[in-house]
J.: 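Input: one structure, supplied below.
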Amino acid sequence: MGVFADEWGNGWTAASASAVEGYARAVTAYLGMRLEIGDHLKAVLKADPDMPMAHVLKGYFGRFFATTPMEKMAAQAAKRARALIEEGDSSEQERAHLRALETWLDGEMEAAIAIWEAILIDHPRDVMAIKLVQYNQFYLGEGRAMRDSLARVQHAWDEATPGYGFILGSYAFAYEESGLYEQADRLGRRAVEINPADIWAAHAVAHVCEMTSRPAEGERFLSGLEPHWDGVHNFRHHAQWHRGLFLLELGRYDAVLDHYDAKVWTEDAVDYLDISNGAGLLWRLAEQGVDVGDRWRVLADLSAARTDEHLLAFADAHFMQALLADGRDHEAAALRRSMAEAADGPGSQARVTREVGLALADAMMALSRGAPADAVAVLWPKRGELRHLGGSWAQRDFFDRLLVRAALDAGAHAEARAALSERLQAQPKSRWNWLRQADLLESEGHDADALDAKRRAVELLDAA
Ligand SMILES: [Fe+2]
């Protein structure tokens, strides 16, 4: 074994330089969200079955799936990496990665982040450490921390660094999640210029369009880039989900359903992100009075098989909604019980479930059984904490809309007024916000003002 540098200057223990080149290929495929990530990793392990970092990478990739079987596979990979590292002459960087993987597998996301951040102080071009901080901060709802982390490594990156565009795209998304939309837009568009197939960067720009209520522009932007997404893994469904949100905001309900069937929920849609795409879009459609047919069924089937996982509180929330919407009340109750048990355990997601996940589940269950006042009572005090469920602002907007809908249905005017006031301050060009504002004003008997709010919603469509 020797030490060979990857294209970012990180030295990894391996049998040959070509094994480390393979490692870099797998990492680059991961950055590009390519289907061939696994093939590249297999090639590395075939070329060098004893490369410690290849096993750590296998563990990382397995953990990203957030499923019980892949979690077990990741734990096996970590075990193998530990044996290799203990018997070999590994670097502190490799040892730190192993500790971070083990800590992450223990569910301690903040502690794992601290290890990756420590790696980045000495190795600011350690791409996996950069991305793992992003992923984990994302699922803790920490947009500002995502941005700060990327800011700290910028000194080591420029346009000549391999994969620079991918880091720029990540930075764009981190800017977006921390509410700085102009910077996000600029960086994201530059990354797409560098590589039109960089779907993460395109996705960052889509988020900017979503948060600044520019649905027509967002729809055009994504549809123009779609031809570049051949070979992208199921993240492309999520990019298409954003297109679905744009079509929805444009009031093109039939187009949303067609788009859902053709691009958002396709046969290879299986994982938690797919389910969250499906549940988030179907709920929004149904909330606006659109008949979504039996589309919940497949989401509920997949969710029913995952009621005991609890790897991400964000995923549990979407599993719950899918079960409830398909009328699977027993399985929804089983998920609720299992969440409560998990909430008593250790780890970051147990804490999130305890502090906000259970309240959200209860609100969904209350709304589903026709008790919107109960939904408001349980979720209103937690509204400011929904961020901790992780996911993006655009994804969590589902939960906030759910609360507004519950408040309107319950006749909880004060809460509806306050929530809509906040929403209209943040997104004054959101058609949905104005439609719900019209509902509120109408239910309070302010017919002229309600008509004015409806007119504003129509004007937004005309202007789009
Ligand atoms: Fe997104």
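Ligands are counted one by one from 1 in listed order, and the atoms in each one are counted from 1 as well.
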J.: Is the number of heavy atoms from other residues, nucleotides or ligands under 6.0 Å of D158 CG greater than 12?
T.: yes
J.: Would R328 and D301 pass as an ion pair if we require N to O under 4.0 Å?
T.: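 D301 and R328: salt-bridged.
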J.: Looking at K263 and E226, is any side-chain nitrogen of the basic one under 4.0 Å from a carboxylate oxygen of the acidic one?
T.: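 Answer for the salt bridge query: yes.
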J.: Do other residues, nucleotides or ligands put more than 12 heavy atoms under 6.0 Å from the CD atom of E182?
T.: no
J.: What protein atoms of element N, O or S are positioned under 2.8 Å from the Fe ion (ligand 1)?
T.: H203 NE2, H207 NE2, H238 NE2, H242 NE2
J.: Check this for me: does any side-chain nitrogen of one of K429 and E249 sit under 4.0 Å from a carboxylate oxygen of the other?
T.: no
J.: Please enumerate all residues that pass salt bridge (charged side-chain N to carboxylate O under 4.0 Å, His left out) together with R297, with sequence neighbours excluded.
T.: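 For R297, the residues satisfying salt bridge (charged side-chain N to carboxylate O under 4.0 Å, His left out) (neighbours in sequence not counted) are D326.
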